[in-house]
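Read the structure below first, then the notes.
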Amino acid sequence: MRKILLRISSIGLAMSLLLLSSMVPASAIQLRTSSIYDNGEVVAMPESYRPAGVINRFEGGIGILDSPSDIMFDNDGNLLIVDRGNNRVLKTTTDGKVLAMFCAGLPSSSNTDVSGTGTTEGTETTEGTDAENEGTTSNTQTGSSGNNEVLDIPGSENLPRDESGRIVEGTQMDYVISDGSDGSEPYVVRVIYTYLNAPEGVCISPEGDIYICDTENRRLLVYDSDYNVKAIFTQDDIRQIEELGANYNFMPQKVGVSNTGTIYVLNKSSYQGLFTMNLDGEFLGYTGATRVQSSVTDILVRIFGSAAQRQAVENKQPPPAVNLTVDGNMIYTVNTESSTTTDPKRIMKINMVGSDLFPEGNYDEVEEYSTSDQEYVTVDYVDIAVDSNGIVTTIDQNLGYIVQTNQMGTIITFFGGLGNRQGQFMLPTALDVEDGTGRLFVSDSSKGSVQIFEPTDFIQKVHEASRMYFDGLYEQAYGLWLEVLKMDETYMHAHMGVGEALYGQGKNVEAMESFQYSYDYDGYDKAFAEFRINVFRYYFTPIVLSLFALIFLIAYGLIKLKRKSDDLYK
């Protein structure tokens with residue numbers, strides 16, 4: 001009887017804790033954040049980001065997200081979400097209010113949550129909560145592999161239709177969710193009829209044009225800021241594409257546009273690099289291809305192998321890029337492993353002539369040991385974003401980590417992980433950074449949501465100091481690094497920044513101590529070399545004078561001895 005009572009009380013306590021944890025607001029959740037030394041040692045650090053909400057469902061019959069595959073901010077600070085499973089692209093505010101929809105109608109009733117709101121806090125805090133399941137369980141009923149049936153939007157009855165009875169593509173209408181007659185705020189969504197098939201990518205040009213990768217329809221769609229069709233590119237519409245051969249298959253997956261108007265398309269499963277074209281529909285060639293990594297074994301096979309073995313080595317293909325982002329005229333890509341190559345460069349920063357400027361760093365060293373298969377699991381980046389401070393943020397699908405590096409390829413923080421709790425991911429697909437606030441928005445295909453993370457004061461100071469550090473403004477960054485060290489005296493990058501500032505001030509001994517603490521061997525060698533030169537300069541004059549004096553005394557003594565010896569033999 002006593003055991004039964006104890007078991008009942010334990011169950012009651014567990015349920016109470018579960019209820020209390022589900023009531024914890026997102027901003028109160030503590031995320032485990034870490035950094036990594038150049039020697040590979042992972043160390044804990046102060047919290048860098050906090051969960052700030054979730055976007056996963058919308059009112060007015062718009063429904064919930066299903067397998068979101070890409071997100072990006074437009075020039076007005078609104079969010080574009082590629083809702084791949086529902087074959088649509090949504091333009092929303094950062095609090096989840098839908099402003100426009102590129103779609104063929106509303107999703108079927110099995111994927112609709114009329115009562116839901118755009119942004120929620122704490123809905124994914126605890127595994128298995130009803131609030132969380134409300135945003136995820138329905139996703140398995142629809143999507144690219146399930147029921148893609150759509151419903152007519154109220155008011156679409158009189159829209160122009162083509163010969164098949166379908167509303168003409170590109171037609172726009174206002175979907176009135178609330179006219180304000182009941183005292184509420186009017187809610188009107190602009191609908192652009194677009195018949196997408198498993199879209200995977202979206203981007204905004206500097207002019208505000210919207211580019212959509214209609215992947216399974218093998219089209220690239222371009223709309224202006226007023227949602228008017230500006231261009232539709234299929235394989236037949238692109239000039240000079242015949243240079244790639246009759247078997248080439250144009251299947252845009254991700255897209256980016258530079259300041260000069262060059263369009264960079266990541267074609268699905270393409271290892272040649274980024275497909276480049278202009279708005280006139282002219283193919284300009286490929287850029288940013290990764291290199292095939294040759295091993296000692298490959299060299300030996302080329303020398304001693306059979307014809308078939310040599311051919312297999314020659315047929316090796318470089319690992320394909322999986323995503324890209326354009327920052328001004330710089331193109332950043334993340335690459336995956338290939339079945340025929342190892343150790344690819346995971347992050348590339350490509351300039352206008354196709355050269356990779358991103359340094360070799362330790363950004364690929366985040367790994368975890370898997371006890372199930374007794375091997376290490378390494379990162380597999382699926383998206384990349386760059387903020388105004390030059391901080392590079394990537395999302396890893398293997399381990400569920402958000403990884404941030406500076407422009408020197410050094411990890412400054414990583415957090416997240418695989419799981420069903422707030423701040424964790426099941427199948428992350430894309431991310432972007434909000435200008436001004438630095439908030440991160442991360443889409444999760446499995447959860448059918450976009451999680452929002454806000455930066456802490458600690459990481460904001462790190463970002464600003466890192467920008468100054470990269471720009472060579474070491475002395476200006478010195479004060480910020482000292483503030484960072486007050487928050488965490490063990491933070492490696494702050495010691496590195498302090499070392500550079502001290503080195504710039506000529507305080508080489510103190511700089512060597514900071515560099516040594518941060519495992520910055522190059523910085524230590526630099527400071528030591530300068531210290532050695534300064535020591536030599538400081539003691540050069542007295543040493544030379546002493547040598548001259550010693551030589552003079554020796555010469556004088558020899559002369560005196562010679563004179564004495566000459567006097568003795570006279």
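Between T93 and D95, the side chains place a donor N or O and an acceptor N or O closer than 3.5 Å (distance only, hydrogens not considered). Between N228 and Q172, the side chains place a donor N or O and an acceptor N or O closer than 3.5 Å (distance only, hydrogens not considered). No side-chain donor from either of D236 and T234 sits under 3.5 Å from a side-chain acceptor of the other.
Salt bridge absent: K254 and E200 never bring a charged side-chain N and a carboxylate O closer than 4.0 Å. The pair E169-R219 meets the salt-bridge criterion, since a charged nitrogen lies less than 4.0 angstrom from a carboxylate oxygen. With respect to D356 and K349, no salt bridge is recorded, no charged nitrogen being found less than 4.0 Å from a carboxylate O. Salt-bridge formation is detected for the pair D83/R88: a Lys NZ or Arg NE/NH1/NH2 atom is positioned less than 4.0 Å from an Asp or Glu carboxylate oxygen. Using a 4.0 Å cut-off between charged side-chain N and carboxylate O, K230 and D209 make a salt bridge.
Checked by atom type and distance alone, the side chain of T215 pairs as donor or acceptor with a backbone atom of P252 at under 3.5 Å.
Relative orientation of the Y49 and F415 rings is parallel, given thresholds of 30° and 60° on the angle between their planes.
Applying the side-chain hydrogen bond (donor to acceptor under 3.5 Å, both in side chains) test between Q404 and each of T413, T394, T393 identifies T393 as the sole match. A side chain to side chain contact (heavy atoms under 4.5 Å, CB included) with L431 is found for exactly one of V442, I384, N323, namely V442.
For the ring pair (Phe, Tyr, Trp, His ring centres under 6.0 Å) condition, no pair includes a residue of residues 185-219, sequence neighbours left out.
No more than 12 heavy-atom neighbours from other residues, nucleotides or ligands sit within 6.0 angstrom of CG on D435.
Under the ring pair (Phe, Tyr, Trp, His ring centres under 6.0 Å) criterion, F250 pairs with F275, sequence neighbours left out. Every residue two or more places apart in sequence or in another chain that forms a side chain to side chain donor-acceptor pair (under 3.5 Å) with T429 is listed here: S443.
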Between V189 and L99, does a side-chain contact (heavy atoms from CB on, under 4.5 Å) hold up when you go through it step by step? CA-CA 5 Å; V189 177; L99 303 176; over 6 Å; no
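Within the 4.5 Å cutoff, no side-chain heavy atoms of V334 are placed close to those of R346. Taking the side chain as every heavy atom from C-beta outward, L284 and N278 approach each other to under 4.5 Å.
Rounding to the nearest 0.5 Å places CD1 of I212 at 7.5 Å from CG of L80.
Residues Y401 and F425 keep their aromatic ring centres 6.0 Å or farther apart.
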